[in-house]
Structure formats: C-alpha cells, structure tokens
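Predicted, not measured: the structure shown is a model, and the values here were computed from it.
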Protein chains: 2
Amino acid sequence: MTETARPLRRDAQRNRERILLAAHDVFATRGFAATLDDVAHHAGVGVGTVYRRFPTKEALIEALFADRLEDLVSLAEDALALPSGWDGLTMLLRRSVGMHAVDRGLRDAALCIGIDKHHFAKVGEHLLPLVQDIFDRAHAEGSLRADVGIHDLPIIMATVTDLARHTPPGRPEIFRRFLEVVIDGLRASPENGDLGPAITQEDVEAIVHDCVPPIEPRRRT
Amino acid sequence: MTETARPLRRDAQRNRERILLAAHDVFATRGFAATLDDVAHHAGVGVGTVYRRFPTKEALIEALFADRLEDLVSLAEDALALPSGWDGLTMLLRRSVGMHAVDRGLRDAALCIGIDKHHFAKVGEHLLPLVQDIFDRAHAEGSLRADVGIHDLPIIMATVTDLARHTPPGRPEIFRRFLEVVIDGLRASPENGDLGPAITQEDVEAIVHDCVPPIEPRRRT
DNA sequence: ACTAAGTGGAGGTGATTCCTCAACTTCTGC
DNA sequence: GCAGAAGTTGAGGAATCACCTCCACTTAGT
C-alpha cells in the first residue's frame with residue numbers, strides 16, 4: 001500500500017482537471033444525483049476517461065468536496081466570533097442555506113456528515129464541536145428556545161435546502177422567506193408551546209438518509 | 001357522448017371495488033408515485049384488469065380523491081367555526097399535516113389543487129375561499145404576522161409534509177415538532193424581521209409543481 | 001519510431017415504468 | 001345448459017435511465 005503513484009502524463013493531468021471543473025458545475029446544479037456520464041459530457045471527454053480517473057462516483061465526490069466542506073468550518077468559526085450567540089446561530093443558518101442553495105452538491109455532502117461513518121469524517125470532527133458551541137452559546141444567552149437542540153439542525157437544513165432546490169434559480173427570496181419564518185420560530189418566547197422530547201441521532205439518520213441521493217449506486221446482484 | 005354506460009357484470013363490479021380499496025392503500029403509502037401494477041398486485045387482480053377499468057392513472061386518481069378532498073373542506077369549515085382566528089389557522093395546519101402524513105396520496109392531491117387547472121377544480125373552488133377567510137380572520141385579529149399570506153400555505157404544506165414523508169412511520173413527533181417551530185414563526189411578534197415581498201401564484205406553481213409526482217406519465221413520442 | 005499510457009463512446013447490464021394483447025375464464029340471458 | 005359477450009390474466013414489448021466495460025484507436029515521451 002506504500003506504492004508511490006507514478007505521475008500522470010501531461011494530457012491526462014489536464015483532463016483530470018477538466019473533469020474536476022466540470023464535476024463542480026454538474027454537481028452544483030444536480031447534486032449527488034448527477035451522473036458521471038453527465039460530468040464527462042460537460043468536461044468534453046469520454047465517459048471512459050472519467051471512470052479511468054475516478055473509478056466510482058464516490059471517489060470523485062470525495063476528491064471534490066473533502067476540502068470544500070472546510071468552508072463550512074470557517075463559517076462556523078466566523079459565527080462563533082460574533083458577540084451575540086443568537087446572531088451567530090442565525091448567521092450559520094442563513095449563510096449555510098445560501099451556500100447550499102448555490103451548490104447542491106455541497107448540500108448533499110454536508111448532510112452526509114451527520115449520517116455517514118466514513119465519508120468526510122475528518123471535516124465532521126472539526127465541524128460538530130463548533131456547531132455544538134454555537135447552540136450552547138445561544139442557549140446560555142436565553143435567545144434560542146430551550147427545547148431545540150443540535151440534532152434539529154440537519155432536519156432544518158435538509159428541509160429548507162430541499163425547498164431551495166425546488167425554487168426557480170432567480171427567486172431565492174422564496175426559501176429565504178421560509179427560513180426567516182423558521183428562524184423566528186426558533187427564538188425563545190413565552191408564547192411558544194413545548195416541542196416535546198428531543199430528536200435523537202437515530203432520527204436524524206433515518207430522515208436525512210433518504211433526503212440525499214445515495215453515493216453508491218443501487219447494485220442489485 | 002350521451003351514451004349511457006351499461007352496468008358492469010357482477011364480478012367486474014366486485015373487482016372494481018377491490019381495485020379502489022387497494023388503490024387507497026397503495027396511494028396512501030406511495031402517493032401519486034405508486035404504479036398501477038402495484039395497485040393490481042395489492043388488489044389480487046391482473047394489471048390488465050386495472051387498465052381495463054381505469055384507462056389511465058389519472059382516471060383512477062380522480063375516482064379515488066375527488067370526494068376525499070372534501071374532508072379538507074370540512075376541516076376548513078371546522079377551523080372557521082372556532083372563535084379564535086389563530087386557533088383556526090393552527091388547527092388547519094396541524095390537522096391537514098396530520099391527514100397528509102397518514103395518506104400521502106391525499107397530500108399529493110391537495111397540492112394539485114393549487115397548481116392544476118382541471119384536476120379537482122370543484123373542490124378548489126370550495127376550499128380556497130374558506131382558507132382565505134381563515135387567513136383574513138387571523139390577520140384582522142393581529143395574531144398572524146402581516147407579511148405572511150395565503151400563498152405561503154402550499155409552500156409550508158409541501159415542505160412539512162415532505163418531511164413527514166421521510167420520517168419513520170412510528171415517529172410523527174418529528175414532523176410535528178418542525179411544524180410547531182414553523183407555527184411559532186408565523187405568530188406576529190415585535191421581534192420578527194420583515195419577510196419582504198409576498199409569494200405570487202406563479203411562485204407557488206413553479207415550486208409545488210415538482211414537489212408532486214406527475215399524474216400523467218412521461219410519454220416521449 | 002516505438003511503446004506504454006491514455007482516450008472515446010457504443011453498447012451491455014439491469015432496474016423501472018407504462019401499457020398491450022391474445023389466449024383463456026366466467027357470467028348472464030335465453 | 002349453452003352460446004357468446006364480457007371480463008381476466010400476466011408475460012412481455014417498448015421506453016427510459018444509470019452505471020460501467022471494453023477495445024480499437026490516438027498520443028505523449030523518450
């Protein structure tokens with residue numbers, strides 16, 4: 001396993017980059033549901049070339065998103081730098097929904113963090129404690145309703161970004177509007193009812209699991 | 001066109017009823033995405049029998065849901081009978097989400113009302129004014145935030161019931177919880193920001209259109 | 001100019017859906 | 001009971017879609 005990979009021929013290297021560029025575009029608009037055939041067409045290369053470079057869709061996705069997810073870590077850090085816990089939380093929500101609306105692949109990747117052991121595990125380790133801090137701060141401040149927790153976040157994100165997916169490209173006001181309603185519903189207020197028992201990790205997995213197109217294709221034997 | 005249909009043979013009539021019963025079950029769990037082959041299996045008849053009785057999926061859906069949608073009209077009437085406008089609105093939301101979670105076919109049909117000229121037009125004519133009254137009453141009362149309007153309803157319903165679709169059958173708490181957050185976000189409050197320009201009918205059509213499986217199949221020439 | 005590396009894209013595989021049709025079965029009126 | 005109309009069946013045709021393989025061809029690099 002310590003085998004050093006030989007360097008690619010120059011044309012192959014160029015094609016690899018074209019594929020990654022095309023994949024960025026295609027996954028941004030179609031999310032994980034995009035096909036490698038699609039990517040090949042956009043890159044102007046044959047399908048075979050894509051499969052030679054990235055043996056499975058999984059490999060391409062990892063190459064594409066592993067470090068792009070770091071943007072979310074930066075965002076969380078920025079949110080924690082704000083003086084107000086509430087402002088931090090709402091900034092996290094607004095900005096990440098915005099990013100996910102622009103790049104649906106990023107959205108699918110981000111949702112994977114919470115439900116998948118091996119994909120993007122490293123980013124998850126960085127991100128989750130930050131998000132926890134953001135929630136803790138808002139709770140301590142008394143601005144975030146007490147019965148909402150960190151496990152609600154994936155559900156909110158999945159739901160709002162799914163709406164974003166369906167809204168016409170030119171009208172982001174629509175899902176933003178919905179997000180604002182949700183945000184206002186998250187604010188602690190004496191008028192709020194009680195939400196009952198918290199969401200569990202299993203709930204999140206069960207729900208988010210089929211809000212994301214599968215990375216590995218359906219292979220029936 | 002004034003041709004009187006001959007009465008069905010007795011066994012055919014029995015089969016027709018079995019098909020409708022099975023269709024009820026199948027559409028309840030799979031929504032409009034269910035196939036007529038599915039219905040046939042559940043009914044214990046051949047596919048051909050289903051296609052003989054209901055030439056298209058459309059015909060079966062109309063036969064199934066035309067009057068079941070009246071339940072929503074009754075619900076709206078009940079909501080209007082409550083003394084408080086806010087209670088009426090939240091009852092409409094909670095009960096219809098509950099109904100749609102239990103019967104995904106009903107959900108798809110209800111969403112069709114707002115976006116489709118010819119299906120379920122009659123029910124729509126009854127329902128829409130009632131819903132408008134419910135919103136007007138809550139607005140007049142000052143309990144519903146002023147920048148939310150009737151066109152937000154399909155979007156909210158589509159989003160929350162879509163979440164309901166993904167939640168495990170035994171855990172309705174999850175989408176109910178989310179709905180409560182949304183409801184609390186709809187309440188007028190001095191802390192709320194402004195939502196900006198209202199949703200238009202075109203927005204609703206564009207969004208809800210692809211939140212519902214198409215009634216008519218993809219027929220390429 | 002020779003060879004290993006790389007390429008293209010038609011097409012195999014398998015899943016899924018819609019719907020037809022021709023051989024068969026059952027009902028109903030006489 | 002029987003003729004024939006009405007009804008049934010389910011295998012399978014046709015269309016679509018995604019994944020991926022294969023091998024005759026091209027090209028980089030020494």
Task: d(CZ, Arg14(A); C1', dA5(C)) in whole Å - done: 14 Å
Open item on the list: I need the minimum non-hydrogen distance between Ile199(A) and Arg177(B), along with the two atoms involved.
Closed with: CG1-NE, 3.4 Å
- [ ] To the nearest Å, give me how far apart CD (Gln13(A)) and P (dG29(D)) are.
- [x] 11 Å
Open item on the list: Distance alone, cut at 3.5 Å: any donor-acceptor contact between the side chains of Thr159(A) and Asp162(A)?
Closed with: no
Task: Side-chain donor/acceptor of Arg9(A) to base of dT27(D), under 3.5 Å - done: yes
- [ ] Mind calculating the distance between NE2 (His41(B)) and P (dT17(C)) to the nearest angstrom?
- [x] 13 Å
Task: Which nucleotide in dG8(C), dA10(C), dC18(C) has an atom nearest any side-chain atom of Val47(A) - done: dA10(C)
Open item on the list: On DNA chain D, compare the nucleotides closest to Ala33(A) and Asn15(B); which residue's is nearer the 5' end?
Closed with: Asn15(B)
Open item on the list: Among dG6(C), dC27(C), dC18(C), which nucleotide has an atom closest to any side-chain atom of Asp37(B)?
Closed with: dC18(C)
TODO: Under 4.0 Å between any heavy atoms, over every strand shown, what does Thr35(A) touch: base, sugar-phosphate, or nothing? Just pick one.
DONE: sugar-phosphate
Task: Over all atoms of both residues, closest heavy-atom pair of Arg145(A) and Val181(B) - done: NH1-CA, 4.2 Å
- [ ] List the steps, then state whether side chain to side chain contact (heavy atoms under 4.5 Å, CB included) holds for Gln13(B) with Glu17(B).
- [x] CA-CA 6 Å; Gln13(B) 181 60 35; Glu17(B) 270 145 29; 2.9 Å; yes
Open item on the list: From CZ of Phe32(A) over to P of dA18(D), roughly how many Å is that when rounded to an integer?
Closed with: 17 Å
Open item on the list: Looking only at the side chain of Leu8(B) (C-beta and beyond, no hydrogens), which of the listed nucleotides dG7(D), dC20(D), dG8(C) gets closest?
Closed with: dG7(D)
Task: Candidates dC27(C), dT7(C), dC20(D) - which lies nearest the side chain of Ala12(A) - done: dT7(C)
Open item on the list: Between C1' on dA5(D) and CZ on Arg10(B), what's the gap in Å once rounded to a whole number?
Closed with: 16 Å
Open item on the list: In whole Å, I'd like the distance from the OH atom of Tyr51(A) to the C1' atom of dG11(C).
Closed with: 14 Å
Task: Euclidean distance, atom CD1 of residue Ile61(B) to atom C1' of dC18(C) [Å, nearest integer] - done: 14 Å
Open item on the list: Under 4.0 Å, counting only non-hydrogen atoms across every strand here, what does Arg52(A) touch: a base, just sugar-phosphate, or nothing?
Closed with: base
- [ ] Figure out the CG/C1' separation between Asp38(B) and dT16(C), and round it to whole Å.
- [x] 12 Å
Task: Options dG6(C), dG10(D), dT21(D), nucleotide nearest the side-chain atoms of Asp11(A) - done: dG6(C)
Task: Close side-chain approach of Leu69(A) to Val73(A), heavy-atom, < 4.5 Å - done: no
Task: Lys57(B) side-chain proximity, nearest of dA18(D), dC18(C), dT27(D) - done: dC18(C)
Task: Distance test, side-chain N/O of Thr49(B) to OP1/OP2 of dG7(D), below 4.0 Å - done: no
Open item on the list: Once you apply a heavy-atom cut-off of 4.0 Å, does Arg53(A) come out as touching a base, just sugar-phosphate, or nothing?
Closed with: sugar-phosphate
